[in-house]
There are 2 protein chains.
Amino acid sequence: MDLIFKALADATRREMLDRLLDQPGLTLGELIAGTEMRRQSASKHVQILEAANLVVTEWQGREKKHFLNPVPIQEITRRWVDKYSETRAEAVLNLRQVLEVRSST
Amino acid sequence: MDLIFKALADATRREMLDRLLDQPGLTLGELIAGTEMRRQSASKHVQILEAANLVVTEWQGREKKHFLNPVPIQEITRRWVDKYSETRAEAVLNLRQVLEVRSST
DNA sequence: TAAACATGCAGTTTTTTAACTGCATGTCAA
DNA sequence: TTGACATGCAGTTAAAAAACTGCATGTTTA
C-alpha cells in the first residue's frame, strides 16, 4: 500500500499514468516525447510505477511496451478510501460540532 | 490535488488520519501519545495535512482539536480514481493483449 | 556484420522531505 | 500573578527522492 501511495505522490508519474490510460502500450521513448525529461529519469519513474504494480510491461524485441494496471488504484478505493467515505455522515457531524463550538465562543 | 497526494504519501500521516477517524478531536499531544515522534515533527505533519485540507482544527482555549475532513479523499475518488476504474474492462483487454503477445513469442 | 536504435544500470549531484533543537507565545489553575 | 502546560515557529541536520552523466547490453536493419 505504501508503494502505491508513494508512486502516486509524484505529478510526473501521475501524468505518465494518464498517458498510458489514453495510449496503452507506449514505449519509454514515446512516454518522454514532448517533455523536458531525460530518458534515464523517466526510466526510474517507470521502475517505481512497476514496483507499485501500477504499470505492467511487455518486451517486444528491443521495445518495452507499457500498460496501465488499474487494479492497485481500485484496491486503494476499496480498502482505504471507502473507509473514509462511509463515515461521511459521521464526519459531517464532527464538522458540525466544530462549527458549534466556534459559534458559541 | 498534488497537495493531497503528497500528504497521503507518508505512512505517519496516514496513521494520523486513521486515529482521527476513530477519535475525532484529538489534540497534538494526544496524537503523539504512544509514539516515538517528537511534538514538533507531528506538528509539521499536521500542517501538511491541514494544507491539503485533510484535517480541520478548532482551538479550544490552549488546546487545538483535530478533525478528519474526508472531502478531499472523496474528491480523489470522484475526479481521479473513477477515471481509472471506469476503464477496467478496457484495461483487462490491454492485459489480455499483453498475455497474447507473451504466449505467442 | 556493423551502425543505429531502445533500453538498462551504476554512480554522482541536486533537491526535497523529515526529524530534531531551542526559544517564543498564549492559556489555565493554584 | 506565577508556574505548568499546549502549541507555534525559526533554524539546523539528517535522510530520502529526483535528475543527471557515462557506459553497457541486446535488437533491428542496411
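Chain identifiers are assigned alphabetically (A, B, ...) following the order of the sequence lines, protein sequences preceding nucleic acid strands; residue numbering begins at 1 within each chain.
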Legend entry - N or O in side chain of K64(A) less than 4.0 angstrom from dG8(C) OP1/OP2: yes
Inset, instruction - Identify the heavy atoms of F67(A) and E58(A) that sit nearest to each other, and give their distance. - result: CE1-CB, 4.3 Å
Inset, instruction - May I ask you to decide if T27(A)'s main-chain N or O and E30(A)'s side chain share a donor-acceptor pair within less than 3.5 Å? - result: yes
Inset, instruction - Give the nucleotide from the list dG22(C), dT27(D), dA6(D) with an atom nearest to the side chain of Q40(B). - result: dG22(C)
Inset, instruction - Rounded off to whole Å, could you give me the CZ-to-C1' distance for the F5(A) and dA16(D) pair? - result: 19 Å
Legend entry - Rounded distance in Å - CZ (R13(A)) to C1' (dA19(D)): 12 Å
Inset, instruction - Locate the shortest heavy-atom distance separating Y84(B) from W80(B); write the atom from each residue and the value. - result: CD1-O, 3.2 Å
Inset, instruction - Please name the pair of heavy atoms, one in L28(B) and one in H66(B), separated by the smallest distance, quoted to 0.1 Å. - result: N-CE1, 3.7 Å
Inset, instruction - Let me know the distance between CD of E30(A) and P of dC5(C), rounded to the nearest Å. - result: 15 Å
Inset, instruction - Considering just the side-chain nitrogens and oxygens of S43(A), establish if one lies under 4.0 Å of OP1 or OP2 belonging to dC9(C). - result: no
Legend entry - Atom-pair distance (CD on E58(B); P on dA6(D)), nearest Å: 18 Å
Legend entry - Distance in angstrom units between L26(A) CG and dA6(C) C1', rounded: 14 Å
Legend entry - Short side-chain N/O contact from H45(B) to OP1 or OP2 of dT17(C), under 4.0 Å: no
Inset, instruction - Could you tell me whether the phosphate oxygens of dT29(D), OP1 or OP2, come under 4.0 Å of any side-chain nitrogen or oxygen in R62(A)? - result: no
Inset, instruction - Could you state the atom-to-atom distance from NZ of K6(A) to P of dT16(C) in whole Å? - result: 18 Å
Inset, instruction - Taking only the side-chain heavy atoms of I48(B) (C-beta and beyond), determine which of dA18(C), dA19(C), dA6(D) contains the nearest atom. - result: dA18(C)
Inset, instruction - Pick base, sugar-phosphate or nothing for K44(A), based on heavy-atom distances below 4.0 Å to the nucleic acid. - result: base
Legend entry - Donor/acceptor link under 3.5 angstrom from R38(A) side chain onto base of dC20(D): no
Legend entry - Straight-line distance of R19(B) CZ to L26(B) CG, nearest 0.5 Å: 6.0 Å
Inset, instruction - Tell me whether the OP1 or OP2 atom of dT7(C) has a side-chain N or O from T27(A) closer than 4.0 Å. - result: yes
Legend entry - Interatomic distance, L3(A) CG vs dA16(D) C1' [rounded to whole Å]: 14 Å
Inset, instruction - Could you tell me whether the side chain of R39(A) has a donor or acceptor atom within less than 3.5 Å of a complementary atom in the base of dG8(C)? - result: yes
Inset, instruction - Among the candidates dT7(C), dT27(D), dG8(D), find the nucleotide nearest to the side-chain atoms of L28(B). - result: dG8(D)
Inset, instruction - Mind calculating the distance between CD (Q60(A)) and P (dT7(C)) to the nearest angstrom? - result: 12 Å
